[in-house]
Amino acid sequence: MTATVSSQSATAAGGAPAEAGPRFPEGFVWGAATAAYQIEGAAAEDGRGPSIWDTFSRTPGRVVAGHTGDIACDHYHRYADDVALMAELGLASYRYSISWPRIQPDGTGPVNTRGLDFYDRLTDELLAKGIDPVVTLYHWDLPQTLQDRGGWTVRETAEAFAEYARIAFRRLGDRVQTWTTLNEPWCSAYLGHASGRHAPGVTDPAAAFAAVHHLLLGHGLAARALRAGGAEQVSITLNPTAVYPADPDSLADVEAAQLVDGLHNRIFLDPLLRGRYPVDIIEHMRHFTDLAWLRDGDEQLINAPLDVLGVNFYQPTYVSAQPGAPAAADSPGTEGIAFRDPLGPVTDMNWQIEPAALTRLLERIHRDYHGIPMLITENGAAYPDGPGADGGVHDLDRIAYLDGHLRACHEALSSGVDLRGYFVWSLMDNFEWAEGYAKRFGIVHVDYTTQTRVVKDSARWYQEVIRRNGLAGRARAEE
Ligand code: FCB
């Protein structure tokens, strides 16, 4: 039997001998994550239609010049070798996403069975190696045809998404137990429609809020469809952040943090888990939109029962009140608020490294949202690493990052958070959206010219963590 995210034993993190490091609960799920557009390549193969990321990556000035997902890690052809690598590392679970335009090239209408066949083969390969698949239905690659009809700013896309979920479930539901609807709707809505740093590259706050709603509605409709089909576990992955006032003694900073928390976290968590948008955020959105998209009954639809919440975590957010400041490009509605630049150590993304913020975030979600079971569906770090003279990749900084965040997870477990597993981002270096191939998040190195995979030291370290279901007595970086 393979481990599944339902097989948690207890929330107590337990029983390690004094000299050993933290141990995780029995059945804690160890995995790695990827996403279709970031690794598959084969962009025009077997009937796949174009997605908004194909369009975006070809639009001058949007993505590092010349970088597209056309070939990526060529995982579409190399999936069997990649699964063998996962097995060698001892992964219990693998989180992959399905490319909607492979399944329905136009987003609605005819089903492309050759697209489904690929996920069939991948799933069987995983199961044959004892690896439990966790499927994400939407990791940002919207079929271009749907974008041409309004994308996530219109209700029809939410309805189409539920139909696509039904199709995918019909083919894979007998083998896939855990179904995640969306990955990080915050990014799809705000990066895609406010700052335009991500596809489809729109810059309109009203469109961003409409997208938030239709993404959530799409989740609700798909979650119901999956449940009706008999899905064992239904989830959604968010990227909630721990928001701190830059000066905790400043009332204005505390209020700024509350608003940013609302626009980033509660706008998703409240309708999903409480069945209502937060009142303060509804009022705030009225500065930008008449909310015509919000229909009676929508919030109940969004509030479909969830078995587990996926949490992607990379860095905390610090804000302060700054009268007159324009809104941050990625965060519509944050006029008068300044986002602090990272302090202290950062990764190659210039993201602040602060594992304690993850503990605090998990404890907060646990407390405010009825102890919802959670999975870390992504956590990891980019560093500009590559093979050294001895052919190895000695990524001690990544090991330190992962070690610190796993200790943070363990602390949350010790305080009673129902955390069921951890997926490192990412299994291998891949197409990092607007950054193209310039940022490397993998625990496996990819040479994009030869497609050679080199297992980094962090992957060997992770293999050891999985083997002992825990961490060493001290962080490697300190040894
Ligand atoms: C997350 C995305 C994932 C990857 C990491 C670094 O926001 O879900 O695809 O790009 O960031």
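The shown structure was predicted, so the numbers you read here are calculated from the model rather than taken from an experiment. One-based numbering, in listed order, for ligands and for the atoms of each.
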Could you verify whether a donor N or O on one side chain and an acceptor N or O on the other, from H77 and E45, lie under 3.5 Å apart? yes
Name the closest protein heavy atom to atom 1 (C) of ligand 1, giving the residue it belongs to and the distance to 0.1 Å. E378 OE1, 3.1 Å
min-distance protein heavy atom vs atom 7 (O) of ligand 1 -> E184 OE1, 2.6 Å
Nearest-neighbour protein heavy atom for atom 10 (O) of ligand 1, which is reported as residue plus atom name and distance: E432 OE1, 2.7 Å
Write out the residue and atom name of the closest protein heavy atom to atom 5 (C) of ligand 1, then the distance separating them to 0.1 Å. Y314 OH, 3.3 Å
Within-shell test, M349 vs ligand 1, heavy atom, strictly < 4.0 Å: no
State if N239 counts as touching ligand 1 under the rule of any non-hydrogen atom under 4.0 Å. no
State plainly whether the residues R48 and D46 are in salt-bridge range, i.e. N to O under 4.0 Å. no
Show the atoms of ligand 1 that are less than 4.0 angstrom away from any heavy atom in F441. 6 (C)
Which residue pairs pass the salt bridge (Lys or Arg N to Asp or Glu O under 4.0 Å) test when at least one of the two sits in residues 188-211, sequence neighbours left out? R197-D330
Do NZ/NE/NH1/NH2 and the carboxylate oxygens of R102 and D117 come within less than 4.0 Å? no
Among R440, H394, R398, find the one that has a side chain to side chain donor-acceptor pair (under 3.5 Å) with D385. R398
Decide ring pair (Phe, Tyr, Trp, His ring centres under 6.0 Å) for W152 and H193; before the verdict, give the C-alpha distance in whole Å, the side-chain angles of both, and the deciding distance to 0.1 Å. CA-CA 9 Å; W152 288 112; H193 300 81; 8.8 Å; no
For H139, the ligand 1 atoms whose distance to one of its heavy atoms is below 4.0 Å: 2 (C), 3 (C), 8 (O), 9 (O)
Report yes if some N/O of W140 lies less than 3.5 Å from some N/O of ligand 1; otherwise report no. no
With sequence neighbours left out, what residues match A158 under side chain to side chain contact (heavy atoms under 4.5 Å, CB included)? L217, L221
Which of the ligand 1 atoms, numbered from 1, are nearer than 4.0 Å to a heavy atom of N183: 8 (O)
With heavy atoms of W433 as the reference, note each atom of ligand 1 found under 4.0 Å away. 3 (C), 4 (C), 9 (O), 10 (O)
Could you tell me whether the side chain of Y318 reaches within less than 4.5 Å of the side chain of V260, counting heavy atoms only? no
